Engineer: 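I am attaching a structure below and will ask some questions about it afterwards.
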Protein chains: 2
Amino acid sequence: MEAIKAAEGHHICTELPSAARSGPVSHAISRAARLHRKAAGQLLRGLGLHPGQELVMMHLWERGPARQSELIRLLDLDPSTVTKMLQRLEQAGHVRRLPDPADRRAVLVEATDASSHLLAEVEEAWGVLEENTLTGLTAPERRQLLDLLAKVETNLCGSGGEG
Amino acid sequence: MEAIKAAEGHHICTELPSAARSGPVSHAISRAARLHRKAAGQLLRGLGLHPGQELVMMHLWERGPARQSELIRLLDLDPSTVTKMLQRLEQAGHVRRLPDPADRRAVLVEATDASSHLLAEVEEAWGVLEENTLTGLTAPERRQLLDLLAKVETNLCGSGGEG
DNA sequence: GCGCATTCCTTGGTCGGCCAATCAAATCTC
DNA sequence: GAGATTTGATTGGCCGACCAAGGAATGCGC
């Protein structure tokens, strides 16, 4: 807890909200993530994608056609979220949905050829985003951050979610 | 860079999504933040609050009546976001909005007395969230995470915001 | 005082994300 | 095989969050 006080010294963009006392790291995660998403949105805007969509596309480009349920599992999203996202991606021409011949309730999703030109741009955007995010951080710090976030992820993965 | 090639050469350990290669930390932030927000939502649900709202309430409890513009600045949110959030909080009886006598276009917001009983519960929920998030992390690790996230925040604070 | 930019807030729209409930198909059980 | 269960996907509703655009009051320059 002393460590927290130590870090309190340098405020960033705001003054210390009470949330930062009840849960300093939680607060930092929320703030950083919001800024990060915003930055992602601005980078992706030029490509006609909204933040979140690029993850779907990357999976499809990478792994080829996938069942919707697979995307849901991989992205760890709510089924309805994926459904709606895919409807929009389909309408935007980035994605095609076909019935799965092996399972008549399933839907196969694949990236359209038209979308493939976005691949490089999206990865470029993510590269820029990553660099913007990590400017001034040394390689060990980046690794450390990755490591710590992975632990957080593990902690939260089943926390209350396994109802 | 060499590490990436090394991972490509042979099979990938986990189901490493392509996003994790273009921006591993970005990907980790997104994932961790989503899980974190979800956990927050589940903790706050019992209190009748949605994630995000508790930050507004905490500011009001802490600092007393505030102008909407102040909340916008402090929470670093879009004005329209705050407007709608406050409309819902007001309708839920957690917040009251009065005209600012000193500035006829401004709105003063204050937490209702009825909402004050939530204060302790919200802070309790945030405490639990924080602990759930950081389980298994040592004090130095927590401090490190906080520190690294602060750097990320700083990096993203203006990055692309003015464009 | 007048006009113009600024500030404060609102509305409308879009999107990601969740939950709850639903339908359809596949699977398991008996 | 009939029935119950599980899985796959959808719909509707809600909320946070953004942008774009607008209206209203303030403040500044003149």
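As the structure is a computational prediction, the values presented were derived from the model and not from experiment. Here is the naming used below: chain letters follow the sequence lines, and residue numbers restart at 1 for every chain.
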Engineer: Can you tell me how far P of dT26(D) sits from CD of Q68(B), to the nearest Å?
Structural biologist: 16 Å
Engineer: Take the protein atom CD of E54(B) and the nucleotide atom P of dC15(D), then report the distance between them rounded to whole Å.
Structural biologist: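 Taking atom P of dC15(D) as the reference, CD of E54(B) is at 15 Å.
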Engineer: Would you confirm whether R37(B), through its side chain, and P51(B), through its main-chain N or O, come within 3.5 Å as a donor-acceptor pair?
Structural biologist: yes
Engineer: Taking for each residue the nucleotide of DNA chain D bearing the nearest heavy atom, is the 5' side occupied by L89(B) or by R104(B)?
Structural biologist: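 On the 5' side of the pair lies L89(B).
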Engineer: Return the orientation label for the H36(A) and W126(A) ring planes: parallel under 30°, perpendicular over 60°, tilted otherwise.
Structural biologist: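 Answer is perpendicular, since the angle exceeds 60°.
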Engineer: Check every strand shown and say whether I72(A) touches a base, only sugar-phosphate, or nothing at a heavy-atom separation below 4.0 Å.
Structural biologist: nothing
Engineer: Could you check which of dA26(C), dT10(D), dG16(D) has an atom nearest any side-chain atom of V107(A)?
Structural biologist: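 When the side chain of V107(A) is considered, dT10(D) is the closest of dA26(C), dT10(D), dG16(D).
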Engineer: Counting only N and O atoms by type, is there a donor-acceptor contact under 3.5 Å from the side chain of E90(A) to the main-chain atoms of V95(A)?
Structural biologist: no
Engineer: Any chance the side chains of T83(B) and Q68(B) put a donor and an acceptor closer than 3.5 Å?
Structural biologist: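 Yes - a donor-acceptor pair under 3.5 Å links their side chains.
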Engineer: For R37(A) and A102(A), find the nucleotide of DNA chain C closest to each by heavy atoms; which residue's nucleotide sits nearer the 5' end?
Structural biologist: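 The residue closer to the strand's 5' end, by nearest nucleotide, is R37(A).
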Engineer: Can you work out whether P79(B) or L77(A) has the more 5'-proximal nearest nucleotide on DNA chain C?
Structural biologist: P79(B)
Engineer: For a quick test of reading the model: is some side-chain N or O of T83(B) closer than 4.0 Å to OP1 or OP2 of dT10(C)?
Structural biologist: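 So the side chain of T83(B) is within the cut-off, an N or O lying under 4.0 Å from OP1 or OP2 of dT10(C).
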Engineer: Is the shortest side-chain N/O distance from R97(A) to OP1 or OP2 of dT10(D) below 4.0 Å?
Structural biologist: yes
Engineer: Answer yes or no: side-chain N or O of S80(A) and base N or O of dC19(C) forming a donor-acceptor pair under 3.5 Å.
Structural biologist: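 Result: at least one qualifying N/O pair found.
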Engineer: Using only atom types and a distance under 3.5 Å, with no angle test, would you say the side chain of R142(B) pairs donor to acceptor with the backbone of L137(B)?
Structural biologist: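 Answer holds: yes.
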Engineer: Across the strands shown, which category fits R45(B) at heavy-atom distances under 4.0 angstrom: base, sugar-phosphate, nothing?
Structural biologist: sugar-phosphate
Engineer: Assess whether one donor atom and one acceptor atom, taken from the side chain of R105(B) and the base of dT7(C), lie less than 3.5 Å apart.
Structural biologist: yes
Engineer: Whole angstrom is fine here: how far is it from NZ in K84(A) over to P in dC14(D)?
Structural biologist: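 Distance check: K84(A) NZ to dC14(D) P gives 12 Å.
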Engineer: Would you say the side-chain atoms of E121(B) pair up with the backbone N or O of L118(B), donor to acceptor, closer than 3.5 Å?
Structural biologist: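 Not at all, since once roles are kept as given, no pair shorter than 3.5 Å links the two residues.
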Engineer: Between Q53(A) (CD) and dC18(D) (P), how many Å, whole number?
Structural biologist: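 Value for this atom pair: 17 Å.
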Engineer: For a quick check of understanding: with a heavy-atom distance under 4.0 Å over all strands, which category does D100(A) fall into, base, sugar-phosphate or nothing?
Structural biologist: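 Nothing: the residue D100(A), judged by heavy atoms under 4.0 Å, touches no strand.
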Engineer: Is there a side-chain contact between Q87(B) and the phosphate of dC15(D), meaning an N or O under 4.0 Å from OP1 or OP2?
Structural biologist: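 False: Q87(B) side-chain N/O out of range (4.0 Å or more) of dC15(D) OP1/OP2.
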Engineer: Hey, does S69(A) reach any base, or is it just sugar-phosphate, or nothing, if we go heavy atoms under 4.0 Å?
Structural biologist: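 The residue S69(A) makes sugar-phosphate contact but no base contact.
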Engineer: Measure from CZ on R34(B) to P on dG16(D) and round the result to the nearest Å.
Structural biologist: 18 Å
Engineer: For the pair made of CG in D78(A) and C1' in dT10(D), what is the distance, rounded to whole Å?
Structural biologist: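 The distance from CG of D78(A) to C1' of dT10(D) comes to 11 Å, rounded to the nearest Å.
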Engineer: Using whole Å, what does the distance between atom C1' of nucleotide dT26(D) and atom CZ of R67(B) come to?
Structural biologist: 11 Å
Engineer: Rounding to an integer number of Å, can you tell me how far H36(B) NE2 sits from dG16(D) P?
Structural biologist: 17 Å
